[in-house]
Protein chains: 2
Amino acid sequence: MVSIKDVARLAGTSFKTVSRVINDDPAVREETRGKVLKAIGELGYRPNSAARTMRSQRSGVIGFISDRVTTQPHAGDILRGAQQVADAHDKVLMVVNIDRDAGFCHRQRALDMLLERRVEGLLYACDYHREVELPREMGMVPSVLANGFAPEGEVPTFLPDEQRAAREITRLLLDQGHRRIAYLGLNPRLAAASLRLAGYRQVLEEAGIGVDEALIQPALVGVPDGDERSTVEGAIDALLASSPRPTAILCGQDSTAMQLYLALACRGLCVGRDLAVASFDDQRPISTFLTPGLTTMRLPHLEMGQQAMHCLLAGPQEPGIVRLPFVRVERQSHRVAGMPSHPPLSESAVTDGL
Amino acid sequence: MVSIKDVARLAGTSFKTVSRVINDDPAVREETRGKVLKAIGELGYRPNSAARTMRSQRSGVIGFISDRVTTQPHAGDILRGAQQVADAHDKVLMVVNIDRDAGFCHRQRALDMLLERRVEGLLYACDYHREVELPREMGMVPSVLANGFAPEGEVPTFLPDEQRAAREITRLLLDQGHRRIAYLGLNPRLAAASLRLAGYRQVLEEAGIGVDEALIQPALVGVPDGDERSTVEGAIDALLASSPRPTAILCGQDSTAMQLYLALACRGLCVGRDLAVASFDDQRPISTFLTPGLTTMRLPHLEMGQQAMHCLLAGPQEPGIVRLPFVRVERQSHRVAGMPSHPPLSESAVTDGL
DNA sequence: CTGAAAGCGCTTACAG
DNA sequence: CTGAAAGCGCTTACAG
């Protein structure tokens, strides 16, 4: 490989001057700089980052510990967000995947590797909102946590604001004139389950409508990493049998909404004509390809990645939880012909083509 | 940070002996090794990879250029596969995301970064099967391409075997006794579109059934990165109107199958009772959550990542295209009560719980 | 089995 | 504005 000395020889300067040029040191005469840049171009010189790291004692590397974020659809956006911010700060990301099935050994090796690379910080990201046990090594460098929470809670933590999202989407259905709003929920094992349900209850109580327990059904779907099949059929029949029949059904996640659309169609009912539907996550292509398009609360994956990385690069931070808002994506499913309609309550709405 | 010299001082050896221990050099007495390991443990010493890289001239890093693989659901499995193999070879991956919207500048910076880190190889991975223009820099280090193809075709390339998958799934429907098999295809702009269609045609021709052009409809769905809505309604009506009515419909992708299930339900038709359906991709949770479960050909994402990385680490390779088989995932949707059933043709079948 | 010397390619700290 | 020296933490190549 060509080194700084080769460049110096060709440019007719000392190698120290070359170092100044590649570090944008202003204390170099324009003419000298030109000669050096020309030599760099001719030789195809690239600085050796290992040498820089060793001498400067700064690696410029942030470790991204992916607890399967590249497996769960859309959770990869956490990585994208983190990368955008790291990029803007001239840091690079070293990504390691921690697969649960790979066992502890794999995780240990990954962490050793990151620490041997002298990462300047660690971002731990989960595939879905859940509790995680952080590796001890995370105490050795500045660390943050995205889309998960640790029992000890000792690092800055960025989570989706489940309860607020549930309040917002329930509010939206109320604003559409619905008063009988059912909730076809999540598997109770999920951290999001109780939070979303709580938000739903809260808004109905506040609105003075109150909660009809007959309108709440958990969908016994698997956790995101499972392959369990859901049978929402029973839950849907129970909801439809309640009297008066609900005019809107809020689903705990988009895949449940998909099952609901299908189950309703099999019963001769049509979303957008007979019933309104809304949901959580914005899991494409489900949410975009259903007819009518699914109105849903988009998980702030990108935002969690961005904010977590910002926090990490901003220097030492207090541990604590930051909850980030979902983005409301209004398509057509929350509208039913013949219902009185009101303007939305919040400004964070996004209206999606069609 | 603690260095090799600190360890040597504590262990009472020369620092060279410490180096031998951390490199598993057998030429160290057991007693000496024990003392060194003890000192390493007490001091929490970790080798500095920058120093090792500089001296040994080998970085141990492979660059993974992700052309949005973390954005497209399941394409992240390419990364997982690559990581598994890299791991087994004691290489680490440096992942960079190339977002199309981030422009050329971003891509250039990412490549510069990788080359400055002295990557020993580059793996370029695409989010979906398509043509890509490889950056020139890829000629400077050993490189491979996964899930995409370059016009010049100058690097080893790993692609899903679309045509073979189409043959296999069409065959499966034939074996179920179907003779009127419709094809609700992909957007013709997709590379997979013509290949899957060709496989379908080929099998029908070979079986002596011939192709009824009335049974072929393109679904005008968007390409995976778009947000275009599909209207398969017209296509489905056309298929159902053909005479005799098809008994099976093969979809170009799972999201189209989802739309099909729904459209059929709206018309009073039930998959598994009135019609068989099969598809491509195995895009969870669509394929697992539909009722009945969707029989589909799973894209070999994991396998592309594994094989591409294997190829990269195996040393210099001839450029050329390797097509990897999909995995047939049999759920329930290809079965219709009352059809004569035959055993599957191929061994690569996977049967998914329920 | 163990060690002293040289050097990988840079940046730091100091001089001029 | 430019340069000569020292050293980051290891491994390599050689000696004993």
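We name chains A, B, ... by the order of the sequence lines, and we start the count at 1 in each one.
The shortest distance between the side-chain N/O atoms of Arg55(A) and the OP1/OP2 oxygens of dG7(D) is not below 4.0 Å. Contact check, Gln57(A) against dT12(C): no side-chain N or O comes under 4.0 Å of OP1 or OP2. The phosphate of dG9(C) has neither OP1 nor OP2 within less than 4.0 Å of any side-chain N or O from Ser3(A). Side-chain N/O atoms of Thr53(A) include none lying less than 4.0 angstrom from OP1 or OP2 on dC10(C). Listed pair Thr17(B) / dG3(C) meets the phosphate criterion, a side-chain N or O lying under 4.0 Å from OP1 or OP2.
A salt bridge does not link Arg80(A) to Asp87(A): none of the charged nitrogens lies less than 4.0 Å from a carboxylate oxygen. Here Asp6(A) pairs with Arg9(A) in a salt bridge; the nearest charged N to carboxylate O distance falls below 4.0 Å. Salt-bridge formation is not detected for the pair Asp67(B)/Arg107(B): no Lys NZ or Arg NE/NH1/NH2 atom is positioned less than 4.0 Å from an Asp or Glu carboxylate oxygen.
Each of Asn48(B) and Arg33(A) was assigned the nucleotide of DNA chain D with the nearest heavy atom; the assignment lying further toward the 5' end belongs to Arg33(A).
Between the side chain of Ser3(B) and the main chain of Met1(B), no donor-acceptor pair closer than 3.5 Å is present. A side-chain donor-acceptor contact under 3.5 Å links Asp25(A) to the backbone of Ala27(A).
With respect to Gln317(A), the side chain to side chain contact (heavy atoms under 4.5 Å, CB included) criterion is satisfied by exactly one of Pro142(A), Ser143(A), Pro156(A): Pro156(A).
Checking dC1(C), dG9(C), dA4(C) against every side-chain atom of Ala51(A), the shortest atom distance belongs to dG9(C). Distance from the side chain of Phe15(B) is smallest for dC10(D) among the nucleotides dA4(D), dC10(D), dC10(C). Set against dC10(C), dT12(D), dT2(C), the side chain of Thr32(B) has dT2(C) as its closest nucleotide.
Judged by distance alone, with hydrogens and angles left aside, Arg20(B) brings a side-chain donor or acceptor within reach of the base of dG3(C), the pair sitting under 3.5 Å.
Rounded to a whole Å, the CG atom of Asp25(B) is 11 Å from the P atom of dT11(D). The distance from atom NZ of Lys16(B) to atom P of dT12(D) is 8 Å, rounded to the nearest whole Å. Rounded to an integer number of Å, the gap from Glu31(B) CD to dC1(C) P is 12 Å. With rounding to whole Å, Lys5(A) atom NZ is found 15 Å from dG3(D) atom P. Between Ile22(A) atom CD1 and dT12(C) atom C1' there is a gap of 14 Å when expressed in whole angstrom units. The nearest whole Å value for the distance from the CG atom in Asn23(A) to the C1' atom in dG3(D) is 16 Å. Taking atom CZ of Arg46(B) as the reference point, atom C1' of dG9(D) lies 16 Å away to the nearest angstrom. Following rounding to the nearest Å, Met54(B) (CE) and dG7(D) (P) show an atom-to-atom distance of 15 Å.
Nucleic acid contact class of Ser19(A) (heavy atoms, under 4.0 Å, all strands): base.
A distance of 6.0 Å separates CG in Leu159(B) from CZ in Arg323(B), rounded to the nearest 0.5 Å.
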For this session: Could you summarise the pairing of DNA chain D as dot-bracket text, marking Watson-Crick and G-U pairs under 3.5 Å with ( ) or [ ] inside the strand and | across strands?
Result: |||.||||||||.|||
